[in-house]
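Encoded as structure tokens, here's the structure I'll be asking about.
All values below were derived from every heavy atom in this structure, side-chain atoms included, with hydrogens, water molecules and symmetry-related copies excluded.
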Amino acid sequence: MIKIDQIKVLAGTDKAVLKEKIAKQLHKKPEQIGKVMILRHSYDARKKDVYDVYQVAVEVEGQQKLLQECKRRKNSHITEYKPVVYDFFQRRNTLPTDRMSHRPVIVGAGPCGYFCGLLLAEHGYRPIIIERGKAVEERTEDVNRFWETGKLLASSNVQFGEGGAGAFSDGKLNTLVKDSNGRNRAVLERFVKYGADESILYEQKPHVGTDYLFRVLIAMRQDFIRLGGEIRFETCLTDIHSEDGKITGITLNGNEELATDILVLAIGHSARDTFRMLYDRNISMSAKAFAVGFRVEHPQERVNNLQYGEEFGKKLPAAPYKVTANTKSGRGAYSFCMCPGGYVVNASSEEKRLAVNGMSYFKRDGKNANSAMIVSVGPEDYPDDSPLGGVKFQQQIEERAYEAANGSIPQQLFGDFEKNQVSESYGVFESETKGKTAFANLRQILPEELNQAFIEGMHMVGNRVKGFDRPDAILSGVESRTSSPVRIWRDEGFVSNLKGLYPCGEGAGYAGGIMSAAMDGMKIAEQIAAVFLPFEQIELS
């Protein structure tokens, strides 16, 4: 097949026009063009008109002759299509010789844990996944009940349960990780296999949608079990055991012992009790920089008009945005986890501590756009210099957020935030939230230096994006779970200072989102397979 870059057609134009454009690029007639596969789609709204921009792979007669002609003409946007095919055994230089004594155990049923588990199960290792939360069907009921009543379940909430934190966060599949090994594509294809829309294979900013993710997770679980895996919900890792520097087993729920010599830690960024337990067991870790701030809501219609113009704003899907600013203090301020047509959600996981996040359904048809506007923090901001200093910092600001509105999501208009006064009512638009809200003074949540950086960042963006810093932009606090506050050390073989212990994914500090977490889980499975024989072979030997 032949790959063609940068084919532009007026946004919303019939796909037949795309084929005509392809034929013209190749100096062929449309009927001479065979199969067309969209590799990438984005929008170009830099000028008055908005364009669909495609990268495609096409089948055409006389391919080799055509490629040679393009090369002679130095036509670099037409090249041979060479897809990267994922190889599970890419890390294997020689056949593994080490033998497992027990089934491998994976802690966490988020994207990192599931993708690690699926690959191991496919190759005969019969892994066990333990997950402190519930299956997504029950978890969804618990989360909806919490949003309606405020009754929090510590092990079944927006942070904990099947699917991890990403299950209630739009299912965004953006990643900056290069796909030189085909892992990115393999993750997307598996999501489609389990029920995600095919558009995620080519959209520049793909998302599954919180509503679609639920059925994807169910299908993923069923496949994992069919392949020989076992998953145990409402099962929390509470201790690890070792001898001579090697892991020998774990304690579950404080009273059950399970022997294992391979433990994959896919624990997510909010497993604070697990971080503490690992620290107490002398697992090497350090405090890590992350970012905190507030959710900011704007009318989605206004965002669409800014991105696409009024003519196209009503015709195209809800527009996303990404903004950054460098403040005078040296702190970066930037948008994070942007949710077009989405909702601000109460994402708390601990009693008397409150955190927010954002989510969208697949259609992204909510009235507001929201994103976290966050500023960077590091160990110098934490209350102590221990590896858990960042965790303590998170807990402090989440306690203030809870106290600010007595357990409801505290909100404030940006203009009132600047004036350091409590808002009395919304402006020309109201908040779209999941969970009870109340007006409060958000200036009491973060240290004042961070508040000033946040205000400066909002205005710097507003100077470039008209209306971003509008006085009635709605702020909700506090956004504190942007990434893990710790990094659990691992060597080049992905093993911690305790042999057999594999920290991975976002919780261990090696990923930032669904895609990078899933790909890190794949790397761990590949490495285990490069060192250890499949579990089935062990049983039969």
Mind checking whether Phe494 and Tyr510 have ring centres under 6.0 Å apart?
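Ring centroids of Phe494 and Tyr510 are no less than 6.0 Å from each other.
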
Asn144 and Glu148: CA distance, side-chain angles, deciding distance, side-chain hydrogen bond (donor to acceptor under 3.5 Å, both in side chains) verdict:
CA-CA 6 Å; Asn144 286 331; Glu148 292 169 4; over 6 Å; no

Test salt bridge (Lys or Arg N to Asp or Glu O under 4.0 Å) on Asp223 and Lys193; report intermediate values, then the result.
CA-CA 11 Å; Asp223 205 27; Lys193 171 186 173 182; 3.3 Å; yes

Gap separating the CD1 atom of Ile22 from the CD1 atom of Ile7, nearest 0.5 angstrom:
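Between atom CD1 of Ile22 and atom CD1 of Ile7 there are 4.5 Å.
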
I'd like to know whether the aromatic ring centres of Phe336 and Phe290 sit less than 6.0 Å apart in this structure.
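Centroid distance Phe336-Phe290: not below 6.0 Å, so no.
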
Where the side chain of Ser371 meets the backbone of Ser335, is there a donor-acceptor pair that is under 3.5 Å apart?
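Pair absent, no side-chain N/O of Ser371 close to backbone of Ser335.
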
Strictly distance-based, threshold 3.5 Å: is any side-chain N or O of Glu141 a donor or acceptor partner for the main-chain N or O of Glu138?
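Flag not set: sc Glu141 to bb Glu138 has no pair under 3.5 Å.
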
Using the six-membered ring of Phe160, assess whether NZ or CZ of Arg132 lies under 6.0 Å from its centre and within 45 degrees of the ring axis.
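Yes, Arg132 and Phe160 form such a contact.
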
Cation-pi between Lys434 and Tyr343: NZ/CZ under 6.0 Å from ring centre and within 45° of the ring axis?
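Cation-pi check for Lys434 and Tyr343: passes.
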
Tell me if the centroids of the rings in Tyr54 and Tyr202 come within less than 6.0 Å of each other.
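When the ring centroids of Tyr54 and Tyr202 are compared, they turn out to be at least 6.0 Å apart.
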
Short side-chain to backbone donor-acceptor contact, Thr327 and Arg331, under 3.5 Å
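Such a contact is found between Thr327 side chain and Arg331 backbone.
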
Checking the side chain of Gln159 only, and the main-chain atoms of Ser349 only, is there a donor and an acceptor separated by less than 3.5 Å?
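Side chain of Gln159 to backbone of Ser349: no pair is present.
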
Taking all non-hydrogen atoms of both residues, which atom of Ala347 and which atom of Asn357 are closest, and how far apart?
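Scanning both residues completely, I find the closest heavy atoms to be CB-CB, 3.8 Å.
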
Over all heavy atoms of both residues, which pair between Pro127 and Leu120 is shortest? Give the atoms and the distance, please.
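So the minimum-distance heavy-atom pair works out to CG-CB, 4.0 Å.
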
I'd like to know if Glu122 pairs up with Arg190 as an ion pair, taking the criterion as any Lys NZ or Arg NE/NH1/NH2 lying under 4.0 Å from an Asp or Glu carboxylate oxygen.
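The answer is yes: the pair qualifies as a salt bridge.
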
Any Lys/Arg nitrogen of Asp520 or Arg490 sitting under 4.0 Å from an Asp/Glu carboxylate oxygen of the other?
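Salt bridge between Asp520 and Arg490, a charged N being under 4.0 Å from a carboxylate O: yes.
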
Can we call the ring centroids of Phe312 and Tyr43 under 6.0 Å apart?
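Ring centroids of Phe312 and Tyr43 are no less than 6.0 Å from each other.
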
Value rounded to 0.5 Å, distance of NZ in Lys28 from NZ in Lys19:
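One gets 14.0 Å once the value is rounded to the nearest 0.5 Å.
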
Are any of the side-chain nitrogens in Glu189 or Arg185 under 4.0 Å away from the carboxylate oxygens of its partner?
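Salt bridge: yes.
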
Among Tyr212, Phe362, Phe191, the one residue meeting ring pair (Phe, Tyr, Trp, His ring centres under 6.0 Å) with His207
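Among the candidates, only Phe362 passes.
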
Any sub-3.5 Å donor-acceptor pair from Arg126's side-chain atoms to Ala121's backbone N or O?
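Flag not set: sc Arg126 to bb Ala121 has no pair under 3.5 Å.
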
Using every non-hydrogen atom in the two residues, find where Lys172 and Met338 come nearest and quote the distance to one decimal.
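In terms of heavy atoms, the two residues are closest at CD-O, 3.5 Å.
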
Side chain to side chain, Glu479 and Val292, heavy atoms closer than 4.5 Å:
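They are not in contact (no side-chain heavy atoms under 4.5 Å apart), so the answer is no.
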
Can a salt bridge be assigned to the pair Glu297 and Lys367 using a cut-off of 4.0 Å between side-chain N and carboxylate O?
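No salt bridge links Glu297 with Lys367.
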
May I ask you to decide whether Lys47 forms a salt bridge with Asp49, counting only side-chain N to carboxylate O separations under 4.0 Å?
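Between Asp49 and Lys47 there is no salt bridge, as every charged N stays at least 4.0 Å from the carboxylate O atoms.
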
Salt bridge present between Asp142 and Arg139 (N-O < 4.0 angstrom)
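No.
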
Answer whether the closest heavy-atom distance between the side chains of Lys288 and Val486 falls below 4.5 Å.
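With C-beta onward as the side chain, the pair stays apart.
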
Less than 4.0 Å between a side-chain N and a carboxylate O, is that true for Arg221 and Glu137?
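A salt bridge is present here (some side-chain N lies under 4.0 Å from a carboxylate O).
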
Would Asp211 and Lys363 pass as an ion pair if we require N to O under 4.0 Å?
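Salt bridge: no.
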
Show your reasoning for whether side-chain hydrogen bond (donor to acceptor under 3.5 Å, both in side chains) applies to Glu203 and His41.
CA-CA 5 Å; Glu203 287 294 341; His41 170 259; 2.9 Å; yes

Minimal non-hydrogen separation, Asn368 against Glu430, with atom names
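Closest heavy-atom pair between Asn368 and Glu430: ND2-O, 2.9 Å.
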
Evaluate the criterion ring-ring contact (aromatic ring centres under 6.0 Å, His included) for residue pair Phe414 and His459; output intermediate values, then yes/no.
CA-CA 11 Å; Phe414 177 60; His459 285 311; 5.4 Å; yes

Gly513 backbone acceptor or donor facing Glu506 side chain under 3.5 Å
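Looks like yes, one N/O pair under 3.5 Å.
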
Ignoring hydrogens, what is the shortest heavy-atom contact between Gln307 and Pro320? Give both atom names and the distance.
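Answer, listing the atom of Gln307 first, then Pro320: NE2-O, 2.6 Å.
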
Any carboxylate oxygen within less than 4.0 angstrom of a Lys/Arg side-chain nitrogen, looking at Asp44 and Lys8?
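Here Asp44 pairs with Lys8 in a salt bridge, since their nearest N and O are under 4.0 Å apart.
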
Given 3.5 Å as the limit, does a donor-acceptor pair link the side chain of Ser480 with the main chain of Gln394, or not?
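Not at all, since once roles are kept as given, no pair shorter than 3.5 Å links the two residues.
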
Report yes or no: does Gln63 contribute a side-chain atom to a donor-acceptor pair with the main-chain N or O of Met1 at less than 3.5 Å?
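Checking the backbone N and O of Met1 against the side chain of Gln63, a donor-acceptor pair under 3.5 Å is found.
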
Intermediate values then yes/no, ring-ring contact (aromatic ring centres under 6.0 Å, His included), Phe168 and Phe214
CA-CA 9 Å; Phe168 288 90; Phe214 299 155; 5.4 Å; yes

Trp147 side-chain N/O to Asn346 backbone N/O, donor-acceptor pair under 3.5 Å:
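Yes: the side chain of Trp147 pairs with the backbone of Asn346.
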
Once rounded to the nearest 0.5 Å, what's the spacing between atom NZ of Lys322 and atom NZ of Lys205?
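Answer rounded to 0.5 Å: 7.0 Å.
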
Under 3.5 Å, side chain of Thr210 to main-chain N/O of Tyr361, donor-acceptor pair present?
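Answer holds: no.
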
